[in-house]
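So the structure is just underneath, and the comments pick up after that.
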4 protein chains.
Amino acid sequence: MREETRRDIIDAAFDCFATNGYHDTSIADIATRLGIGHGTFYRYFQNKRDIIDHVVDDLFGRVLEALATDNAPAAAETLDDYRAQVGRIADGLTGILYSDPRIPRFLFTGTVGVDAELNKRMFSVLDSANALTAGYLEHGIERGYLRADLDVDHTAQAVMGMLLAGVIACARDAGDRGSADDSGPPEQQRELSIAIQRLMFDGIAR
Amino acid sequence: MREETRRDIIDAAFDCFATNGYHDTSIADIATRLGIGHGTFYRYFQNKRDIIDHVVDDLFGRVLEALATDNAPAAAETLDDYRAQVGRIADGLTGILYSDPRIPRFLFTGTVGVDAELNKRMFSVLDSANALTAGYLEHGIERGYLRADLDVDHTAQAVMGMLLAGVIACARDAGDRGSADDSGPPEQQRELSIAIQRLMFDGIAR
Amino acid sequence: MREETRRDIIDAAFDCFATNGYHDTSIADIATRLGIGHGTFYRYFQNKRDIIDHVVDDLFGRVLEALATDNAPAAAETLDDYRAQVGRIADGLTGILYSDPRIPRFLFTGTVGVDAELNKRMFSVLDSANALTAGYLEHGIERGYLRADLDVDHTAQAVMGMLLAGVIACARDAGDRGSADDSGPPEQQRELSIAIQRLMFDGIAR
Amino acid sequence: MREETRRDIIDAAFDCFATNGYHDTSIADIATRLGIGHGTFYRYFQNKRDIIDHVVDDLFGRVLEALATDNAPAAAETLDDYRAQVGRIADGLTGILYSDPRIPRFLFTGTVGVDAELNKRMFSVLDSANALTAGYLEHGIERGYLRADLDVDHTAQAVMGMLLAGVIACARDAGDRGSADDSGPPEQQRELSIAIQRLMFDGIAR
DNA sequence: CATGAATGAGCCTTCATTCAT
DNA sequence: TATGAATGAAGGCTCATTCAT
């Protein structure tokens, strides 16, 4: 039960799921990619359904870590601070999504449509993200640099939706670019990021 | 080849896919739900992969029709016009999504993770929606009621993302409420709709 | 129950079986080729197994008729008579096989490997042919122009084998030539015919 | 992937095909006869179509080996030599066909009517046999003990036809005798063999 | 009489999972 | 501990046959 093998299996599974989706990936695929016997898989994971949870765990862990690294968790005290903070988070996410194109692809083909259970979990993650965002907004209201009548919960939901649009765009681009790691400059992503920020802070009206 | 049977199969398939997802729905499931022999299915559709396309066709047809009904295609000439128009579209979508909770669920479990082909198709639909939205924004700039320096394409993408957030929320709610047609008042959805509009037109800053 | 329809079905079945074989021909194929509903088939024949018997009946009827036409059934009284008779029979068979390339093909793909029952029947037809040939030989011995110590039964079997070689060659050629009726000159067939006769009457030794 | 299992499957398939024919044999039949799960079949062979090729390979291998054992490949130098050689080959074939009655049955029900592809292959085998026979005849002409004006190709075809008659007779007898290995004395076969030889070397005329 | 919609038995094939080595 | 041979549940799909219209 070498811990390294466990990691390798998670990585291989992540790769397979991102490339072919959960349902079109067989245990044999994962084992073959790793060069191990497919019986070995079952020494590390209960069953096929089991691994996806661990892949998701692992992915979220990596994403959160990456976000935490780039982002001071310090709360913004002014609108400009917040604006900058949002920019940093957006850039951070962009960086993560583009550092490994398999991430957005996996979120699609490896996460959605697998299971009612997993759906629930993903919804719950989204809830957390919403709550986090709502917290930021709440903080902004308290500090006085955001509109007092802001519906924080639903506004947070809307903001997260814009981020999702980014993830989806990445997933599509990743699909177009194939699975290779050739990082085309994330120009599109950056522009979307800017558009989101302007929408939030400047509105669209003249 | 009664056209009615064809419709029934599409409906039953829609129902099954929305409830259990594409991969956990067998042809026998669809046939059983309809009370027909499973061989009959193959008199109307080529194979399992074939029906999903028709279900998607049908769904999009219904959605577009519903949207068209509620919405004057007339272009907005003032910001208030546009604001109202956005409100109508949002309400329209809300109404559709809540009229049949299977719709958002199907978009998830019956559409994502099926196929590279279908993914491509869904992306392409998203593209169209983006382009449509961008067109509205473009028009607004020309008419002078929207910021001239708006990045229409990416802003459209962001706006569509917010709508997606609504779809996702619906899908989750539908899951919680089961597949029955008990229309809990779409209070949440209405509030999200308002939050999106305020975000677009008023921004979040004080 | 028009008799003509019955004939048409037999013809269409013959065509399908010759082209695609018994197992790769569906009732729908036969009906479609004829432009009738495939339910109609069952008004004329019990089931799929039933039709093959009628096709075989029909085919043998046609072959025997053709042979009878070309051949005086009169018994040969001299070796030269017999030689000529054998030649006529051989030419007759050649003509039949080449008049419709589907015949040898059908004997293969529509007759062998269908059924234990049909195998038995074909064997029985072969028996009759053997017996007929043996009768000719017997007659020749009685008349004194054939060797008295001839094993008529097995010699007849051997002679029939040579004819079978011709049928097989035809079947292969027919396959090569496609199903069209382009009668390449049956040069090969004529030469085989001659070789058989020389083998019978002159032997191979110098 | 025990090689023995592979052999067992080939044998079982051979048995089933010989008894019931290709189309009336299911993978489950083969597996059941062997007492293995039917999934196991697919660990050793691609699909149902795949196995028939291997069965044919195996059968031809065995036949050729048996023929080679009994037969000096040395060329005949005199007519008597050749006569003896033909006798040995005929006896060899007889022995093979009767050593396992499933062989002639398989050649019928397991080989004909399966596939255009397999038909082609069988024709090609027949070609080789014809060519081999023609070679012997050619050699006889060169050595001077066969008629110089012999049409070697078509004569070879005719000779092969007589052998086929033997195969067919065997197949029928095997069917009558059931699939058991009770070797009724191949009296019939021997007599056919003699009749063929006399036909070739002595002709039928007095 | 003709039709073709409906049916379900039956078969091929995949693949997650187990377990003896 | 690692392996991969074996397994059989499960599901997609075909097509001969029936029968209401």
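Heavy-atom basis, side chains included; hydrogens, waters and symmetry copies ignored. So you know, we letter chains A, B, ... as the sequences are listed, proteins then strands, and number each from 1.
Side-chain contact between I103(B) and D100(B): present, with at least one pair of heavy atoms (C-beta onward) separated by less than 4.5 Å. Within the 4.5 Å cutoff, the side chain of D53(D) has heavy atoms near those of the L118(D) side chain. Using a 4.5 Å cut-off on side-chain heavy atoms (C-beta onward), R6(D) and H54(D) make contact. The closest side-chain heavy-atom distance from I30(B) to T25(B) is below 4.5 Å. Contact of the D115(C) side chain with the Y22(C) side chain is not registered, since no non-hydrogen atoms from C-beta on lie closer than 4.5 Å. Residues R62(C) and D58(C) meet the side-chain proximity criterion, which asks for heavy atoms closer than 4.5 Å.
At whole-Å resolution of the value, CG in D8(B) and C1' in dA5(E) are 14 Å apart. The distance between atom CG of L34(A) and atom C1' of dT3(F), rounded to the nearest whole Å, is 14 Å. Across the protein-nucleic acid pair, I51(D) atom CD1 and dC12(E) atom C1' stand 14 Å apart, rounded to whole Å. Remark: P of dG4(E) and CZ of R43(C) are 14 Å apart, rounded to the nearest angstrom. We find that OH of Y44(C) is positioned 20 Å from P of dA16(F), with the value rounded to whole Å. Note: CD (E4(A)) to C1' (dA2(F)) measures 16 Å, nearest angstrom. Nucleotide dT13(E) holds its P atom 11 Å from the CD1 atom of I30(D), rounded to whole Å.
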I'd like a list of close polar pairs between nucleotides 14-18 of chain E and the protein, N/O only, cut-off under 3.5 Å.
{"unit_1": "dA16(E)", "atom_1": "OP1", "unit_2": "K48(A)", "atom_2": "NZ", "d": "3.4"}
{"unit_1": "dA16(E)", "atom_1": "OP2", "unit_2": "I27(A)", "atom_2": "N", "d": "2.9"}
{"unit_1": "dT17(E)", "atom_1": "OP2", "unit_2": "Y42(A)", "atom_2": "OH", "d": "3.1"}
{"unit_1": "dT17(E)", "atom_1": "OP2", "unit_2": "K48(A)", "atom_2": "N", "d": "2.9"}

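For the side-chain contact (heavy atoms from CB on, under 4.5 Å) test, residues two or more places apart in sequence or in another chain that qualify with A18(C) are R102(C), R105(C), F106(C).
Remark on DNA chain F: of its neighbouring residues I36(D) and R2(A), the 5'-side contact belongs to R2(A), judged by nearest-heavy-atom nucleotide. Nearest-nucleotide mapping onto DNA chain F: of G37(A) and Y22(B), the residue sitting toward the 5' end is G37(A). Place D29(D) and M1(B) on DNA chain E by their nearest nucleotides, and M1(B) ends up nearer the 5' end.
For the residue pair D29(B) and S26(B), a side-chain donor N or O sits within less than 3.5 Å of a side-chain acceptor on the partner.
Interatomic distance, CG of N47(B) versus CZ of F41(B), reported as 7.5 Å (0.5 Å rounding).
At its two ends the helix from dA2(E)-dT21(F) to dT21(E)-dA2(F) runs along axes set 0° apart, each axis drawn from five pairs and the angle rounded to 10°.
Residue contacts for F45(B): at a heavy-atom cut-off of 4.0 Å it reaches no nucleic acid atom on any strand shown.
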